[in-house]
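Ligands are counted one by one from 1 in listed order, and the atoms in each one are counted from 1 as well.
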Amino acid sequence: MKDFSSVKGFIFDLDGVITDTAKFHEIAWHRVADEVGATWNQQLANGLKGVSRMDSLNEILKVAGKDGVYSRFDKEKLANQKNKQYQDLIKKIGPNDMLPGMKHFIEELRQNNYPMSIASASKNASTILNQLKITDYFRGIVDPSALHFGKPNPEIFIQAADIIGLKAEEIVSIEDAFAGIKSIKAAGQISLGIGSATLAAKPDLYFRDTSQVSLSAVAKKIDELYL
Ligand code: B16
Ligand code: MG
């Protein structure tokens, strides 16, 4: 990549990048943690960001010292219970719940004909995009149930690149999670990290929060990087 003119498309994580669903995931997982006897704290909550539903439950069971105690059936039950509560909570989401600057950013990208796709670990991603009323901005959403591996494996970002039909080096991919930045870098795409949780994974581009992200700000950072 030489400069911003080689960038042809964008891939977005959803939770923590486009909208703040983390608070709803936290409420629902906290309840499960209480039920299985895991001490809930912010470190545990942050570690579940970008992690699939079953992997999140396994992490909570590990913290509770209950590794291997629950049967597959009981684990499915707990995961379904969490998802039900989560789905109730996200019913409140509407077009005004996008993170600061993100509506403007995807609007700019659409006006400039950049194809976009979604690489979210969430099986609720299409519901959330519908509620935000932004589904038609994206060429498509990767189906997380068809994946063999979760983030930090690159599979989800490779599939999201196929949706927009571009080469890895032509894509900027945006994430708020450590595992997500690892996944983007392993896919060979340009990684844009939002928030300090991404710093340890050394994103190519970094913004403190979504309000700083715009087409011109991204172009400026890329051009500085490759000067
Ligand atoms: P669900 P992202 C991730 O979404 C969330 O950050 C993570 O906390 C959640 O467990 C995961 O989706 C699965 O979500 O239970 O709705 O399928 O950040 O990859 O957009
Ligand atoms: Mg995320």
Side-chain angles (χ1 to χ4, degrees), residues 10-33 40 42-63 75-91 93 97-99 102 106 116-132 134-135 138 140-147 149-160 173-184 186-187 191-201 203 207 209-210 213:
F10 289 78
I11 299 173
F12 289 78
D13 173 46
L14 177 61
D15 295 329
V17 169
I18 293 180
T19 188
D20 181 20
T21 43
K23 54 180 183 269
F24 302 127
H25 281 296
E26 283 183 26
I27 294 169
W29 280 131
H30 190 163
R31 189 154 159 192
V32 172
W40 185 256
Q42 205 48 49
Q43 196 194 343
L44 175 56
N46 287 344
L48 305 181
K49 284 186 184 165
V51 177
S52 76
R53 202 178 304 161
M54 202 36 91
D55 287 349
S56 299
L57 176 61
N58 284 331
E59 183 56 29
I60 290 171
L61 291 174
K62 204 166 94 192
V63 168
K75 289 210 291 190
E76 293 287 350
K77 233 167 94 179
L78 284 169
N80 287 340
Q81 170 199 314
K82 180 267 170 180
N83 193 45
K84 268 212 184 92
Q85 192 189 3
Y86 177 69
Q87 286 177 331
D88 272 349
L89 292 165
I90 60 173
K91 279 186 188 139
I93 293 178
D97 291 313
M98 286 181 72
L99 281 163
M102 291 318 270
I106 62 169
M116 297 174 249
S117 61
I118 296 281
S120 168
S122 176
K123 292 177 180 157
N124 295 294
S126 64
T127 307
I128 294 167
L129 291 182
N130 281 335
Q131 286 183 220
L132 294 169
I134 55 169
T135 304
F138 300 92
I141 306 173
V142 175
D143 174 7
S145 56
L147 296 172
F149 311 101
K151 299 168 187 178
N153 186 282
E155 188 182 19
I156 189 167
F157 281 95
I158 292 170
Q159 287 203 15
S173 294
I174 308 168
E175 260 288 351
D176 69 313
F178 174 82
I181 295 293
K182 287 264 182 205
S183 174
I184 296 167
S191 55
L192 189 164
I194 294 178
S196 55
T198 63
L199 282 174
F207 290 92
D209 60 58
T210 56
V213 182

Looking at [X], which atoms of ligand 1 are within less than 4.0 Å of one of its heavy atoms?
{"X": "Lys123", "answer": "1 (P), 16 (O), 17 (O)"}
{"X": "Asn124", "answer": "1 (P), 16 (O)"}
{"X": "Lys151", "answer": "19 (O)"}
{"X": "Ser120", "answer": "2 (P), 4 (O), 19 (O), 20 (O)"}
{"X": "Leu14", "answer": "20 (O)"}
{"X": "Ser56", "answer": "10 (O)"}
{"X": "Asp13", "answer": "2 (P), 18 (O), 19 (O), 20 (O)"}

Could you measure the distance from the [atom1] atom of [X] to the [atom2] atom of [Y]? Nearest 0.5 Å is fine.
{"X": "Leu78", "Y": "Arg53", "atom1": "CG", "atom2": "CZ", "value": "12.5 Å"}
{"X": "Ser120", "Y": "Asp15", "atom1": "OG", "atom2": "CG", "value": "5.0 Å"}
{"X": "Lys182", "Y": "Glu175", "atom1": "NZ", "atom2": "CD", "value": "13.0 Å"}

Only heavy atoms count here, so choose which of Ala121, Ala45, Ala22 is nearest to atom 13 (C) of ligand 1. Ala121
Can you tell me if Glu175 has an N, O or S atom under 2.8 Å away from the Mg ion (ligand 2)? no
Test: Lys123 and Asp143 ion pair at under 4.0 Å: no
Counting only heavy atoms closer than 4.0 Å, does ligand 1 sit against the backbone of Thr21, its side chain, both, or neither? neither
Check Val51 against ligand 1 and report side chain, backbone, both or neither, counting heavy atoms closer than 4.0 Å. backbone
Side chains of Asp97 and Thr19: do they bring a donor and an acceptor to under 3.5 Å? no
Test Lys62 against Glu59 for salt bridge (charged side-chain N to carboxylate O under 4.0 Å, His left out), laying out the working first. CA-CA 5 Å; Lys62 204 166 94 192; Glu59 183 56 29; 3.6 Å; yes
Would you mind reporting whether Ile93 and Ile90 have side-chain heavy atoms less than 4.5 Å apart? yes
Can you find a heavy atom in the side chain of Ile106 that is under 4.5 Å from one in the side chain of Met98? yes
What do you reckon, does [X] have a nitrogen or oxygen under 3.5 Å from a nitrogen or oxygen of ligand 1?
{"X": "Trp29", "result": "no"}
{"X": "Arg53", "result": "yes"}
{"X": "Ala119", "result": "no"}
{"X": "Glu175", "result": "no"}

Parallel under 30°, tilted from 30 to 60°, perpendicular over 60°: which one fits the rings of Trp40 and His30? parallel
Heavy atom of the protein closest to [atom] (residue, atom name, distance):
{"atom": "atom 3 (C) of ligand 1", "value": "Asp15 OD2, 3.4 Å"}
{"atom": "atom 8 (O) of ligand 1", "value": "Leu48 O, 3.2 Å"}
{"atom": "atom 6 (O) of ligand 1", "value": "Gly50 N, 2.7 Å"}

Does the cation-pi check pass for Lys82 over Tyr86, that is, NZ or CZ under 6.0 Å from the six-membered ring centre and within 45° of its axis? yes
In [X], what N, O or S atom is nearest to the Mg ion (ligand 2), if we give its atom name?
{"X": "Asp13", "result": "OD2"}
{"X": "Asp176", "result": "OD1"}
{"X": "Asp15", "result": "O"}

